[in-house]
A.B. asks: 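I'd like to ask some things about the structure below.
Reminder, nothing fancy here: chain letters follow the sequence lines and each chain counts from 1.
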Number of protein chains: 2
Amino acid sequence: MNFRHLTYRLMQVYVAVIRTGSVSQAARQLHLTQPTVSQQLRRLQDAVGEPLVEMRQGGVVPTEAGRELYRACQDVIGRFDDFRDHLSALRGGERGRFSIALVSTAQYVLPRLLGPFSQAHPQVEVDVHIGNRQQMLARFERQDDDIYVFSHPPSLEHALAARFMRNPLVIVGPSGHPAAHATAPVSIASLLGERFLLRESGSATRMLFDGWLQERGLSLGATMHIASNEAIRVGVASGLGLALLSEHVLPKGYPGLVKLPVEGLPIQSHWQFIISRERRLPHAALSFLRFAEQNLEDCVEPEWLHNDVGGLLGQILSDEAGN
Amino acid sequence: MNFRHLTYRLMQVYVAVIRTGSVSQAARQLHLTQPTVSQQLRRLQDAVGEPLVEMRQGGVVPTEAGRELYRACQDVIGRFDDFRDHLSALRGGERGRFSIALVSTAQYVLPRLLGPFSQAHPQVEVDVHIGNRQQMLARFERQDDDIYVFSHPPSLEHALAARFMRNPLVIVGPSGHPAAHATAPVSIASLLGERFLLRESGSATRMLFDGWLQERGLSLGATMHIASNEAIRVGVASGLGLALLSEHVLPKGYPGLVKLPVEGLPIQSHWQFIISRERRLPHAALSFLRFAEQNLEDCVEPEWLHNDVGGLLGQILSDEAGN
DNA sequence: AGACAGAATAGATGATTATCTATGCTGCGT
DNA sequence: ACGCAGCATAGATAATCATCTATTCTGTCT
């Protein structure tokens, strides 16, 4: 009773034989010759160690064991058909799972895409990982996730990127701040005397700000490090100092906070999807990117719209083709 | 997505890989080398047309498609295990089906064995075919059934036989018949003046009777052919004539019928099981024969007991061994 | 008895599988 | 930087499989 070499094919053949009740007919049906089928049947019989059919009335009828095997084969073939279905669903990106990792600032913007996507693809499970830039970089190194969202991406050596949304950085102050009501934009230099509340030095916002100031030959004066955007907002509102923040993180009309009109601002950065070239994207992840490309217009305000995802998809597909 | 060559073995290997989460460990578990398993895995991957695993943290973790395949493999392997179980039940003769054909006279005696057997093996289906000798011979020629019960067997050229019960043939007459109360057995010659009611000329009883008379240089006088034993009983009771009948078909105390004490009677014939040498017996049929051998004592009255079934079983087994 | 259809057997062959050994590559821990 | 554990690749080989064609056997129909 050695099933080792029992193949799907063999089962197909056997099922055909029992169905048609004839070796020759099965052969015709399967576009094989009669001896071929005879031999397969015999091989199966040997494997099972039991006669499966008897010749009767111009054909072949199963023994009890044969009937039992027939049932088993049907079940197994059915199971594989199921699997095939699942597989094609997976391939189509309708089912399955993928993971996406966000640097924490992005958690305010990504749900706009993920929400509708989940709605449209209820069978896809998404694992979202949120953390600070450090943590995300570590995950990226290890390639723990399928898609990463950064605004200031790490090396793109082995990765592809696509901007999908503008992320303007502005300086905010308490609502009573004098510059808030200036008739013309004020210069940044005029603000550097004040204290700035900043995220930790690894953060992208911080790096961009430093770079931007350096370009102008300036640097920060008094600073204060605060670990979360939330805390910074509160701090600014209560007069602790100024801060450079993504416009997204200050919903319009946030009480006690105001955007200061500063020359040269906003700094234009972008949210982008980053994916590894090495890693083969799950179909579900691809499906998400396709969805993003198509539906971005409906999910974000027009002033923040910036859709490069199409290019990314093109690159992925050509990568796949020539792998 | 070509599953043709997907074997049971391949699934076993795959399952081991996913279970252990490691190619090498799976290899050890299966007593294979690591490259072997690697290659099988790759083959499977090619067949499915989709990556199934990714390397991670010193091992291998399934992709979504891999997980799906894993489930499928488990189900399939489980289904085969079931089949194996069924098969061994079949082999043990606990389950399954066989058919047995009786010449109609035997229908009075066989239930004594079949009843208890079915009791003991409720999972075995038995098809019982009953008919006259002609019909049974035709079935025997075509080998329609697994076991035949004859009292006067046809050629044993390609068959094996075992007596399992005595079948004494006696002459019966109406209860008022003079010979019934004779002090000593009467001679058959003295009865031949009377009319005899007989079964059709092909019947075994008839053949035996003719032979028996011939041995003694005698032959029948007036006869009357009647198609059923039942009708013969009625006829004899109502004084139409005498008859040679199996003792079994006249239950003790059958009203109006009496066994006549005749010299040289009863003719000793036997019920026997006949099976073909060509045909492989279903396990269930074997199981029935074994049952018969063991339980005959409990199923028939001691005076009719005659158990040669053991010898038959021996022959079958040695036939099987050297086929 | 002969024709015919269906099944088995035999023999051939190219493809594929199932294994191995030896070797190369890679990431992780010290 | 080294070594180890784990995976992949390459090359070899015997077994097996999947097919075919040609032929034989067997039972059924005419």
A.B. asks: Just N and O in the side chain of B:Arg9: are any of them under 4.0 Å from OP1 or OP2 of C:dT19?
C.D. replies: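 Yes, such a contact exists.
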A.B. asks: Would you say A:Thr63's side chain and A:Leu52's backbone share a donor-acceptor pair under 3.5 angstrom?
C.D. replies: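 Between the backbone of A:Leu52 and the side chain of A:Thr63 there is a qualifying donor-acceptor contact (under 3.5 Å).
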A.B. asks: Given side-chain contact (heavy atoms from CB on, under 4.5 Å), test B:Val103 with B:Trp271 step by step and report yes or no.
C.D. replies: CA-CA 10 Å; B:Val103 56; B:Trp271 289 116; 3.8 Å; yes
A.B. asks: Reading nucleotides 4-13 of chain C 5' to 3', which nucleotides get B (base under 4.0 Å from a protein heavy atom), which S (sugar-phosphate only), which -?
C.D. replies: --SBBB----
A.B. asks: Does a side-chain N or O from A:His5 land closer than 4.0 Å to OP1 or OP2 of C:dA18, or not?
C.D. replies: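 Checking A:His5 against C:dA18: at least one side-chain N or O falls below 4.0 Å of OP1 or OP2.
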A.B. asks: I need the CG-P distance between B:Leu30 and C:dC20, as an integer number of Å.
C.D. replies: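 Those two atoms, CG and P, are 11 Å apart.
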A.B. asks: Without decimals, in angstroms, what is the distance between B:Arg43 CZ and C:dT16 C1'?
C.D. replies: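 Roughly 8 Å, once rounded to whole Å.
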A.B. asks: Output the distance between atom CG (B:Leu281) and atom CD1 (B:Ile275), rounded to the nearest 0.5 Å.
C.D. replies: 4.5 Å
A.B. asks: Please collect all salt bridge (charged side-chain N to carboxylate O under 4.0 Å, His left out) contacts where either partner lies in residues 85-96 of chain B, sequence neighbours excluded, each pair once.
C.D. replies: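 Residue pairs passing salt bridge (charged side-chain N to carboxylate O under 4.0 Å, His left out), neighbours aside: A:Glu50-B:Arg91, A:Glu68-B:Arg95.
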A.B. asks: Are B:Val53 and B:Gln45 packed together at the side-chain level, in the sense that at least one heavy-atom pair is separated by less than 4.5 angstrom?
C.D. replies: yes
A.B. asks: Count the heavy atoms belonging to other residues, nucleotides or ligands that lie under 6.0 Å from CZ of B:Arg84, then report whether that count exceeds 12.
C.D. replies: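 Counting other residues, nucleotides and ligands, CZ of B:Arg84 exceeds 12 neighbours.
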A.B. asks: For DNA chain D, which nucleotides open and close the run of contacts to chain A, 5' to 3', at under 4.0 angstrom from a non-hydrogen atom?
C.D. replies: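 Contact boundaries, 5' end first: D:dC17 to D:dA22.
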A.B. asks: Under 4.5 Å between any side-chain heavy atoms of B:Phe98 and B:Asp127, yes or no?
C.D. replies: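 SC-SC contact between B:Phe98 and B:Asp127 ruled out.
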A.B. asks: Nearest 0.5 angstrom please: B:Ile274 CD1 to B:Asp145 CG, how far?
C.D. replies: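 The CD1 atom of B:Ile274 sits 13.0 Å away from the CG atom of B:Asp145.
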